[in-house]
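The structure under discussion appears below in the form of structure tokens.
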Amino acid sequence: MLSGHYIRGNTDEHFLIEALLGSMHQGIGLMDNNQEVLVFSRRAKELLGLPEEIFRSDPNLHDILRFFAERGDYGPGDPDELAARVIARSVKPGGYAFDRPMQDGRYLHIQTTELPTSGHVMVYSDVTATREVEQRLTASQDELIRKLSARTQELEENREVLACAINAIPNALVMVDAEGRVKLANAVMRTIYPEIEAHLEKQSLVMEAFPVSCGTAKDLAECIALISADGERSIFGRWYRIRVSDLATGGHIIVFTDITDLKKQNEKLRAHTDQLVKHLRKEQRLNEMQRQFVSMASHEFRTPLAIIDGAAQRLNRRFERLTPDEGRERIGHIREAVLRINYLIERFIDFSVSQDGNLEIEPQDCEFLPVLKSVCEREGQVQKTHRIRLTESVGNLVLSFDRRMIEQCLVNIIGNAVKYSPGQEEVLVEARIDGKWLCIDVTDFGVGIPRKEIKKVFSRFYRASTSSGIPGTGIGLNLTEMIVVRHKGRMSIRSEVGKGCTVSMRLPLKKVDADGDKREDAGAGEIVR
């Protein structure tokens, strides 16, 4: 249930769109901000006389208008120039509406509505019959006004004939004299507004007969101006378009055209448009989640693959000299790296298909120090250019955490420290207790990060300006922060350009509520996430 609409959860969205478009009498076209055609219903093609060939190569608005120009709809001239001229004249912010005569004598009403996000919807309605009715009504009104002006003296004797002519008009009609008194109403008006009979007998002022439309008007001119300015109004329990015509004698004819059904159709169209936008947004969200999965997976698999490759190379080089224990150790590294890859694949798949876009973790109680030492040892073997120096004061500390995910975080942070400190010899890793937090600080002495950019480095795909020339994707810290936050922890960075950087990962010593203390005041040069 969304916005009052019921849609069965397993309904195929493409089938739903096809059914909605096929059920409407109007033609529908949906275009984005670049005038690219996203949706164009079969009814719209029929009304505009567009061949299927145009839609076999993903057309835009210019392609469609160029077809009209080549067909002669816009007169002589270069088709491309004519199409561009129509686009420049017709594309307006907020939308617009107009009637377009067709070469076969039909009239199409074209309504363009700008979408709140991007693009616009075009609705095509065949209003030929409506135009014919309006023309007949206009002709009847003109004839009526002419007769009233020419035969004022014969009004009483021709009243019955005049009443028959007025009652033949399909819209509600009221005539008032120059003083603003109600003189005449047709049968349709008597039907929708029975109280008009009493006002006709009393010859009430129009302000008294129609207080809703006239509001607080003090005289006839102000009342007529208010009625004319209304355009459309809900009155007598339905919606009407109100038109006022002036009589030569100073009186006025007020015509009420019932447009309730038209407004209901517009409301249905808006509901259909909302559904289209909803499905489009869902598709965009799924595409973004798939892209995130591919990006994170390709980034995070590099380290365990490097471990596998390194261990395999050492086995190959020293196979004849390895003792059984050394061989088992190398094979153990390979097996552990393979398990890490399998685990990451499972977690990333869970992340990519989850409805809320959250990365799932599987925390278990475990000693933290052996995990940290293992990561530092492996990274020391993989990163040949730097020495990973670990200092700790946490002892046999037991935490509840997802071991493989936290290992991946440590690998990302230490790997970044090595990568962004070229030419240096070591990376410092310190584990300590800070209040109710376990804090792991990873310090390098490399290029550093400008202070104004520190708050951006946790954003996906962002890389600091000092990283120029150093390979990277800008994904590792983003994923690391995501995992740490899922553990109710937090990340912070202290850095100075040219002197290095310290990345701190804090994990709670015990469970904390989501609304509990998540951050402390940051010190100079430190950004806390």
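All values below come from the heavy atoms of this structure, side chains included, with hydrogens, waters and symmetry mates left out.
Partner of Ile253 under the side chain to side chain contact (heavy atoms under 4.5 Å, CB included) criterion, chosen from Val176, Leu144, Val174, Asp246: Leu144.
For the pair Thr112 and Val121, the minimum side-chain heavy-atom distance is 4.5 Å or more. Contact annotation: the side chain of Asn60 approaches that of Asp63 to within less than 4.5 Å [non-hydrogen atoms, C-beta and beyond]. No side-chain heavy atom of Val497 sits less than 4.5 Å from a side-chain heavy atom of Val447. You'll find the side chain of Thr113 stays beyond 4.5 Å of the side chain of Arg270, heavy atoms only. By the 4.5 Å heavy-atom criterion applied to side chains, Ile110 and Met122 are counted as neighbours. Under the 4.5 Å side-chain criterion, counting only non-hydrogen atoms from C-beta, Asp73 is in contact with Gln103. Counting only heavy atoms from C-beta outward, the side chains of Thr273 and Leu115 approach each other to under 4.5 Å. Taking the side chain as every heavy atom from C-beta outward, Met24 and Arg43 never approach each other to under 4.5 Å.
Scanning for side-chain contact (heavy atoms from CB on, under 4.5 Å) contacts around Leu38 gives Leu30, Asp32, with sequence neighbours left out. With sequence neighbours left out, the side-chain contact (heavy atoms from CB on, under 4.5 Å) criterion links Asp58 to no other residue.
The distance from atom CZ of Arg146 to atom CD of Glu143, rounded to the nearest 0.5 Å, is 4.0 Å. Note that CD1 of Ile145 and CE of Met175 are 10.5 Å apart. Values are rounded to the nearest 0.5 Å. His272 NE2 to Gln26 CD: the interatomic distance, rounded to the nearest 0.5 Å, is 10.0 Å. To the nearest 0.5 angstrom, Asp126 atom CG is 12.0 Å from His25 atom NE2. Here the OG1-CZ distance, from Thr128 to Arg131, works out to 9.0 Å after rounding to the nearest 0.5 Å. From Leu205, atom CG reaches atom CD of Gln203 across 10.0 Å, with rounding to the nearest 0.5 Å.
Across all their heavy atoms, Arg100 and Leu48 have their closest contact at NH1-CD2, 4.1 Å. Across every non-hydrogen atom of Val206 and Val182, the tightest pair is CA-CG2, 4.2 Å. Nearest heavy-atom pair across Gln141 and Ser245 is OE1-OG, 4.4 Å. In this structure, Arg71 and Met102 approach most closely via the heavy-atom pair NH2-CE, 4.1 Å. Across Ile64 and Met31, no two heavy atoms sit closer than the pair CD1-CE, 4.4 Å. Met491 approaches Val484 most closely through the heavy-atom pair SD-CG2, 3.7 Å.
Distance alone, capped at 3.5 Å, places no donor-acceptor pair between the Arg451 side chain and the Ser495 backbone. Asn416 places no side-chain N or O within 3.5 Å of a backbone atom of Ile413 that could act as its donor or acceptor partner. Listed for the Asp177 side chain is a donor-acceptor partner under 3.5 Å among the backbone atoms of Glu179. The closest donor-acceptor contact from the side chain of Tyr107 to the backbone of Glu132 lies at 3.5 Å or more, if one exists at all. No donor-acceptor pair closer than 3.5 Å links the side chain of Arg181 to the backbone N or O of Ser204. With Arg241 contributing its side chain and Thr257 its backbone, the two residues share no donor-acceptor pair below 3.5 Å. At least one donor-acceptor pair closer than 3.5 Å links the side chain of Asn478 to the backbone N or O of Phe458. When atom types are taken as modelled, the side chain of Asn171 and the backbone of Val255 share no donor-acceptor pair closer than 3.5 angstrom. Panel note: side chain Thr260, backbone Arg238; no donor-acceptor pair is recorded below 3.5 Å.
For the pair Arg243 and Phe256, the cation-pi test (distance below 6.0 Å, angle within 45°) is failed.
Using cut-offs of 30° and 60° on the angle between ring planes, the pair Tyr124 and Phe40 is tilted.
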Worksheet entry | Verdict with supporting geometry, Phe55 and Leu50, side-chain contact (heavy atoms from CB on, under 4.5 Å) | CA-CA 9 Å; Phe55 298 90; Leu50 290 171; 3.9 Å; yes
Practice prompt. Decide yes or no on side-chain contact (heavy atoms from CB on, under 4.5 Å) for Val123 and Leu269, but give the supporting numbers first.
Written response: CA-CA 9 Å; Val123 182; Leu269 176 60; 2.7 Å; yes
Fill in: Candidate pair Asp80 and His62, rule side-chain contact (heavy atoms from CB on, under 4.5 Å), full reasoning
CA-CA 8 Å; Asp80 287 322; His62 184 274; 3.1 Å; yes
Discussion item. Before you tell me yes or no, could you show the steps for Lys278 and Gln275 under side-chain contact (heavy atoms from CB on, under 4.5 Å), namely the whole-Å CA-CA distance, both residues' side-chain angles and the distance that decides it to 0.1 Å?
Written reply: CA-CA 5 Å; Lys278 171 177 172 288; Gln275 284 299 115; 4.1 Å; yes
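In this structure, Glu18 places its CD atom where only 12 or fewer heavy-atom neighbours from other residues, nucleotides or ligands lie under 6.0 Å away. Around CZ of Arg42, the count of heavy atoms belonging to other residues, nucleotides or ligands within 6.0 Å does not exceed 12. Counted within 6.0 Å of NZ on Lys264, heavy atoms from surrounding residues, nucleotides or ligands total 12 or fewer; the atom is thus considered open.
In this model, a donor atom of one side chain and an acceptor atom of the other lie less than 3.5 Å apart for Ser465 and Glu453.
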